[in-house]
Amino acid sequence: LLPEPGIDLRTHSCLRSDLKQASGYDDDRQFEDLLRLLETELRLVTLVESETGTAASGPRAGYQLAHDYLVPVLREWLNRRQSETRQGRAELKLRERTSLWSRRPEHQQLPSVFEWINILTFTDRRKWPKSSHGMMSMANRFYGTRLLVTAMTLVIAVGLVIAGRHQASVRQRELMIAGYVEDLWRAQDDDVIAFIDQLEPYRSEWEGRVRAIAGSEETAPTVRTRAQLALVRQNPSVLPDLLKRSLVCSASEHRMICDGLVLHKDEVVRSVRERVQNTSLQSSELTSLGGMLAQFSPDDSTWDMLAPRL
């Protein structure tokens, strides 16, 4: 029976059938007793006269509050009771915003985003009046669009941050690997295998570059040897070049080559057996072959042929 703010009491009424439904009484007698109490004894409600000047009767009879002064009093009392719960506060806010929206249907009159969430969360939309449905539909579109745009913006921003960090990480990784490769060329012979061990986990990122250096005729022999040692673990095709280099290199480089060929010791021993068959080898070459055989197969029968020539 309480009219919305700004609506004249004399133009607002409710049907008897609606009042019965709102009262929660299924029993007609109980509802009649309640209506008689409000109308006759307390004089809080009154029948609405029809256009002919007579009061209607039956389920289609209309009722309204009897006095204007009841409106603010009842509204204050209802508001105070409703404001005690979250649901009540959300319903009050819905009613307030609906009233503002009905007078001026503008975006500024829509509930704030937090009010909108509370209304959706704590009120029963099945009980919303038609005007509230219209206002909340507009609010749903208004905030739904903005939430979607915000979500997309956040996704893009997070994606850019992740991409930027990934790119920075890749760049840092590339610089680190390039530094390892450069250190490989400058390292002492005894430290080369340790540098190759550091590079091994990143093989896919440096292998092409090192292969180009190993295959270039302009590359210095010592650098080419180190490049081939880095490649030989996964690429045995460079093994003959390393064995050939081992015959003419310095003692420290020879040790480096031997240390780098541990994974291919069977191929090295087989190659040494074949090479010692050559009777025209110089003593330095025989010494290099003997050093490899001593490291990889000290009890090999090839010593019977090689030892007298050393």
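Values reported hereafter were calculated over all heavy atoms of this structure, with side chains retained and with hydrogens, waters and symmetry mates removed.
Hydrophobic cluster of Met138: the remaining members, joined at side-chain heavy-atom separations below 4.5 Å, are Leu94, Trp101, Leu110, Val113, Phe114, Trp116, Ile117, Ile119, Leu120, Trp128, Met135, Met136, Phe142, Tyr143, Leu147, listed by chain and number.
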For residues 174-186, tabulate all N or O donor-acceptor pairs below 3.5 Å that involve a side-chain atom, not counting sequence neighbours.
from   : atom 1 : to     : atom 2 : distance (Å)
Glu182 : OE2    : Arg209 : NH2    : 2.8
Asp183 : OD1    : Arg186 : NH2    : 2.9

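Within a 6.0 Å sphere centred on CG of Asn278, heavy atoms belonging to other residues, nucleotides or ligands number more than 12.
Side-chain polar atoms of Ser99 and Arg103 form a donor-acceptor pair below 3.5 angstrom. Looking only at atom types and distance, the side chain of Thr85 has no donor-acceptor partner in the side chain of Arg89 under 3.5 Å away. Thr98 and Ser131 are not linked by any side-chain donor-acceptor pair at a separation below 3.5 angstrom, with hydrogens and angles left out of the test.
The CZ atom of Arg146 sits 12.0 Å away from the OG1 atom of Thr153 when rounded to the nearest 0.5 Å. Note: Asp191 CG to Ile196 CD1 = 11.5 Å, rounded to the nearest 0.5 Å. To the nearest 0.5 Å, the span separating OG on Ser280 from CD on Glu285 amounts to 8.0 Å.
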Item to check | Step-by-step side chain to side chain contact (heavy atoms under 4.5 Å, CB included) determination, Asp33 to Tyr25 | outcome: CA-CA 11 Å; Asp33 289 342; Tyr25 286 128; over 6 Å; no

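Comment: Arg126 engages Asp124 in a salt bridge, judged by a side-chain N to carboxylate O separation of less than 4.0 angstrom.
At a threshold of 4.5 Å between non-hydrogen side-chain atoms, the residues Val262 and Phe296 count as touching.
Checking side-chain atoms of Thr287 against main-chain N and O of Ser283 turns up a donor-acceptor pair under 3.5 Å.
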